[in-house]
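Read the structure below first, then the notes.
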Number of protein chains: 2
Amino acid sequence: MDTRRPTIADVAKRAGVSKGLVSFVFNDKPGVAAPTRVRILAAAEELGWQPDPVARSLSTQRAAALGLVVRRDPTVLAADPFFPAFMAGVETALTERRQVLVLSLVPDAAAETATYRSLAAHRRVDGVLLTDLRHDDDRFPLLAELGLPAVCVGRPDVAGAFPVVNLDDAAGLRSAVDHLVGLGHRRIAYVGGDVGMLHGRRRRKSFLEALARHGLDPVGVVDTDFSAAAGARAVVELLAGAVLPTALVFASDPMAVAGLAVLQRQGVQVPRDCSVTGFDGMDLGRHLHPALTTVEADPLAWGRAAATVLLRLLDDGRADDLELPSAALVLRSSTAPPPDPPG
Amino acid sequence: MDTRRPTIADVAKRAGVSKGLVSFVFNDKPGVAAPTRVRILAAAEELGWQPDPVARSLSTQRAAALGLVVRRDPTVLAADPFFPAFMAGVETALTERRQVLVLSLVPDAAAETATYRSLAAHRRVDGVLLTDLRHDDDRFPLLAELGLPAVCVGRPDVAGAFPVVNLDDAAGLRSAVDHLVGLGHRRIAYVGGDVGMLHGRRRRKSFLEALARHGLDPVGVVDTDFSAAAGARAVVELLAGAVLPTALVFASDPMAVAGLAVLQRQGVQVPRDCSVTGFDGMDLGRHLHPALTTVEADPLAWGRAAATVLLRLLDDGRADDLELPSAALVLRSSTAPPPDPPG
DNA sequence: CTGAAAGCGCTTACAG
DNA sequence: CTGAAAGCGCTTACAG
């Protein structure tokens, strides 16, 4: 019994054709007579043969792999519900296409750059998914230099060399503000994320704009690094301010959870004395006391879409931008009318 | 200007040697004269050449990639602090070795099997990291059939074909129980995880043994699937029982958080009326009110160790098991003496 | 200690 | 519509 795995030559011999023909069939090239095609497919099937991606890579110069380089502190990453779902979505798109996801978790900017360089130099991936887009993002010039195709997960702030798969945060934040104002809140504060990241920056802007549309100014705005610790500190700071907010809008769920704890610790009851909204739809939020009102997106769909668009870019040399359904407010029990409604 | 990337032939020509010699130098084979070696290295350096992993793979039949297939619901995965840190640890071990991590997130058993088969059939990875070990784990026969090397992250329940990198949970659980008993608790209940998973099963056993050493029986034991929702349900169930626990030991932090909320919702104050301990060291736990007493391991070190051992196995054909420092109890504020100490 | 050559398993012009 | 051959960029016996 031959334990050696079959090669294209075995299939060719069995089908009574040349290797080239077999290759043509498996690459959907035109010009193979239907009966021949059937014979070849049957031979491959019988032998259990599939093209070897490594050999194919050497010929085609394509890796059949997509890269995702995540530069985040593992602790912050662990608290974030986005990535696992996003990756699962990427996965669903890749599997059908016999592609693979190469993941790299890096601690800092230097490691990030080194990783992209290494991925490109060794052609380990054909393209990359760009998440956590930053203001003046140095990955754009880097990828241009490396000639590595990419898609932007979220809208970049520069005219793009790369296709964009966007999911609008603003609408969700607007609903959160509208909801609070509708409840009667006038003294609303915001605990934002990392403004070096575009989504952090945009959520902040969306909050301020939404508030302004009601003719309101924020009672306080604190920028953070998205960590729970920073969220907690921000609340301490806001509570020490001159005018106490009756509602707190957070740019992420982990911060909202930590903020909630600070409020409770200081004897502020949520939502009776102060309302709280989060952002991200962390599963744990629904199991808190009180359950967290938050803004939820669909990161799984986002991941699938981003991978699909990147694959399209690689195949066709171009791909259209894609706009996904917006993030939406999920009402739970951390919001209520303010303690002393005006009027 | 030549934009074509250099190949081994270019390096050989520049150094005035054959391609074989260059290859020997870059694969640390003996038998290259020192001066020649230096000349070759210099030529490669000047040209900025490094061996192309794809071409190398085709010759060596090694992928220079390790696989991690995670079969978990994205929601449960998102709540778990283990994986991001574990992967970051894997990363640190791989980078130095010019290896890459191929990650696959799969929803169910069928997809899991298909993924391992595909990874093996296409030689996309040289070996895999086995996490979330299960009782009677079907991955062992599968990997044996596929001839895919692996290392076990945690101790399997069968005599192993694969090296084991273990981190003992039992000690941490024991400290949690000892701590509670030392505080005066006698009515302790346990909210466990998925007993289909070995760590779920072992934590349960460790809890029961630790309790038995104090001559105590649990007031209740509930198995779950490790999800926050199940943790919440378990607490509802325990609170409806005949004898109320004064302390709850949870097999994971997300369950502990959800359980905490249920207690609070039912007017049970933590830790005054009931103490709570978690498991895993989720960062958010430290920012809760009350901050969660938990059992913490070092998943980053675990990831690095597991990858290192797998690489050793691939290089040498064998590798010794490795035992890491045990998980340890981290005291915070969710534990206190029981409301009515006996005696 | 070194060189020339075959081979890894594909793809893709090129010729017929 | 089909075949023979070169080439992708390495590694590794084999011969000297």
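To find a chain, count down the sequence lines: A is the first, B the second, and so on, and within it residues start at 1. Computed from a predicted model, the values in this text were never measured in an experiment.
Within the 4.0 angstrom heavy-atom criterion, no nucleotide atom of any strand lies near Ser57(A). Using a 4.0 Å heavy-atom cutoff across all strands shown, Val54(B) reaches no nucleic acid atom at all.
Sorted by first and then second residue, the ring pair (Phe, Tyr, Trp, His ring centres under 6.0 Å) pairs with a member in residues 129-163 of chain B form an empty list; sequence neighbours excluded.
Taking the side chain as every heavy atom from C-beta outward, Asp73(B) and Pro107(B) never approach each other to under 4.5 Å.
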Could you tabulate the donor-acceptor pairs under 3.5 Å formed by side-chain atoms of residues 46-53 of chain B, not counting sequence neighbours?
{"residue": "Glu46(B)", "atom": "OE1", "partner": "Arg14(B)", "partner atom": "NE", "Å": "2.6"}
{"residue": "Glu46(B)", "atom": "OE1", "partner": "Arg14(B)", "partner atom": "NH2", "Å": "2.9"}
{"residue": "Gln50(B)", "atom": "NE2", "partner": "His122(A)", "partner atom": "NE2", "Å": "2.4"}
{"residue": "Asp52(B)", "atom": "OD1", "partner": "Val54(B)", "partner atom": "N", "Å": "2.7"}
{"residue": "Asp52(B)", "atom": "OD1", "partner": "Ala55(B)", "partner atom": "N", "Å": "3.4"}
{"residue": "Asp52(B)", "atom": "OD2", "partner": "Arg123(A)", "partner atom": "NH1", "Å": "3.0"}

Sequence neighbours left out, cut at 3.5 Å: what donor-acceptor pairs do the side chains of residues 302-309 of chain B make with other protein atoms?
{"residue": "Trp302(B)", "atom": "NE1", "partner": "Val165(B)", "partner atom": "O", "Å": "3.0"}
{"residue": "Thr308(B)", "atom": "OG1", "partner": "Arg304(B)", "partner atom": "O", "Å": "2.7"}

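For Gln61(B), a side-chain nitrogen or oxygen approaches OP1 or OP2 of dG9(C) to under 4.0 Å.
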Each nucleotide in nucleotides 10-16 of chain D should get exactly one letter: B, S or -. Can you fill that in based on protein heavy atoms under 4.0 Å? BBB----
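Partners of Thr131(A) according to the side-chain hydrogen bond (donor to acceptor under 3.5 Å, both in side chains) rule, which considers only residues two or more places apart in sequence or in another chain, do not exist here. With sequence neighbours excluded, no residue satisfies side-chain hydrogen bond (donor to acceptor under 3.5 Å, both in side chains) with Gln61(B). For Arg117(A), the side-chain hydrogen bond (donor to acceptor under 3.5 Å, both in side chains) partners are Glu145(A), not counting sequence neighbours. With sequence neighbours left out, the side-chain hydrogen bond (donor to acceptor under 3.5 Å, both in side chains) criterion links Asp126(A) to no other residue.
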Watson-Crick and G-U pairing of DNA chain D written in dot-bracket, each distance under 3.5 angstrom, with | for inter-strand partners: |||.||||||||.|||
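When the P atom of dA6(D) is taken as reference, atom CG of Leu58(A) falls 17 Å away, rounded to whole Å. Remark: C1' of dG9(D) and NZ of Lys13(B) are 15 Å apart, rounded to the nearest angstrom.
Distance from the side chain of Ser18(B) is smallest for dG3(C) among the nucleotides dG9(D), dG3(C), dG3(D).
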